[in-house]
Amino acid sequence: EYTAHVAAPSAGDIDSSDLVEEKMPMILICIVCSVTVIVGAVFRSVFLPLRLAFALAYTVFITLGVAVVVYQTKTFWWLFPYLEDFDNEGLSYTVPAVVIPVCIALGLDYDIFLITRIAEYRAQGMPNDAA
């Protein structure tokens, strides 16, 4: 039985990658649960937070899916020749840790503005279709 030890900056990268992989699911669960509870309480709705959670998850999955296709496959090398430099190295472990919160923040911001505007129109007496 052999034991390998890693030193230098690579050790820090490996530890950081393992930590992000370990903590990311719990962070996402906390974000989704807190957003769901807050939106549900503010708008006094059960369906709205579930729709919002679905929309945010859809946005995150599409964004990361496109990133994987662009950077981890040769699909777009004809369009972006400089992608050959990546040579299927894959995405860095930092990408999901940065992209997911940004996608959630932008999607949540847009969705709250949209739903607030619809609620204002409904409060003014407009029918559902017009609001």
Side-chain angles (χ1 to χ4, degrees):
E1 183 174 315
Y2 296 98
T3 303
H5 298 280
V6 180
S10 298
D13 287 344
I14 292 170
D15 290 343
S16 297
S17 175
D18 290 344
L19 187 64
V20 166
E21 186 177 323
E22 175 188 337
K23 299 292 183 185
M24 197 56 149
M26 183 54 91
I27 291 171
L28 290 177
I29 289 170
C30 290
I31 289 172
V32 169
C33 288
S34 61
V35 164
T36 302
V37 168
I38 291 170
V39 169
V42 168
F43 288 101
R44 292 182 222 112
S45 172
V46 175
F47 176 72
L48 183 64
L50 297 176
R51 188 197 62 79
L52 176 63
F54 175 76
L56 293 177
Y58 180 77
T59 303
V60 168
F61 290 141
I62 292 297
T63 303
L64 290 177
V66 168
V68 166
V69 168
V70 168
Y71 290 104
Q72 291 185 203
T73 67
K74 298 179 180 183
T75 306
F76 291 101
W77 282 14
W78 63 273
L79 186 59
F80 306 109
Y82 57 86
L83 289 176
E84 292 180 27
D85 296 338
F86 289 100
D87 197 26
N88 295 329
E89 291 177 14
L91 296 175
S92 170
Y93 67 91
T94 59
V95 171
V98 173
V99 169
I100 291 173
V102 169
C103 283
I104 289 175
L106 290 174
L108 182 64
D109 185 46
Y110 173 76
D111 205 57
I112 294 295
F113 283 136
L114 180 67
I115 296 303
T116 303
R117 177 61 81 181
I118 292 171
E120 287 174 359
Y121 285 150
R122 290 284 296 136
Q124 293 173 2
M126 294 181 110
N128 283 338
D129 293 340

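As the structure is a computational prediction, the values presented were derived from the model and not from experiment.
In this structure, V39 is not a member of the same hydrophobic cluster as V32, with clusters built from ILVMFWY side-chain heavy atoms closer than 4.5 Å. When hydrophobic clusters are built by joining Ile, Leu, Val, Met, Phe, Trp and Tyr residues whose side-chain heavy atoms come closer than 4.5 Å, directly or via intermediates, Y71 is grouped together with W78. Both I27 and V95 are part of a single hydrophobic cluster, where members link through side-chain heavy atoms under 4.5 Å apart. No continuous path of hydrophobic side-chain contacts links F47 to I38 [ILVMFWY only; heavy atoms under 4.5 Å]. Residues V68 and V99 share a single hydrophobic cluster, defined by chaining ILVMFWY side chains whose heavy atoms lie under 4.5 Å apart.
By the side-chain contact (heavy atoms from CB on, under 4.5 Å) test, L79 is found to be paired with F76, residues two or more places apart in sequence or in another chain being considered. The salt bridge (charged side-chain N to carboxylate O under 4.0 Å, His left out) search around E120 returns R117, not counting sequence neighbours. Residues satisfying the side-chain contact (heavy atoms from CB on, under 4.5 Å) test with L106, not counting sequence neighbours, are V102. Partners of S16 according to the side-chain contact (heavy atoms from CB on, under 4.5 Å) rule, which considers only residues two or more places apart in sequence or in another chain, are Y93.
The side chain to side chain donor-acceptor pair (under 3.5 Å) analysis of residues 31-45, with sequence neighbours excluded, yields no pairs. Within the structure, side chain to side chain donor-acceptor pair (under 3.5 Å) contacts touching residues 17-28 (residues at least two apart or in different chains) do not occur.
Between the CG atom in D109 and the CG atom in L114 there is a gap of 11.5 Å [rounded to 0.5 Å]. Rounded to the nearest 0.5 angstrom, L28 CG and I100 CD1 are separated by 5.0 Å. Between L52 atom CG and I112 atom CD1 the span is 6.0 Å, to the nearest 0.5 Å. Residue F113 holds its CZ atom at 10.0 Å from CG of L108, rounded to the nearest 0.5 Å. Atom OG1 of residue T59 and atom CG of residue L64 lie 11.0 Å apart, to the nearest 0.5 angstrom.
The shortest non-hydrogen separation linking V46 to L50 is O-CG, 3.5 Å. The shortest non-hydrogen separation linking P101 to P96 is CD-O, 3.8 Å.
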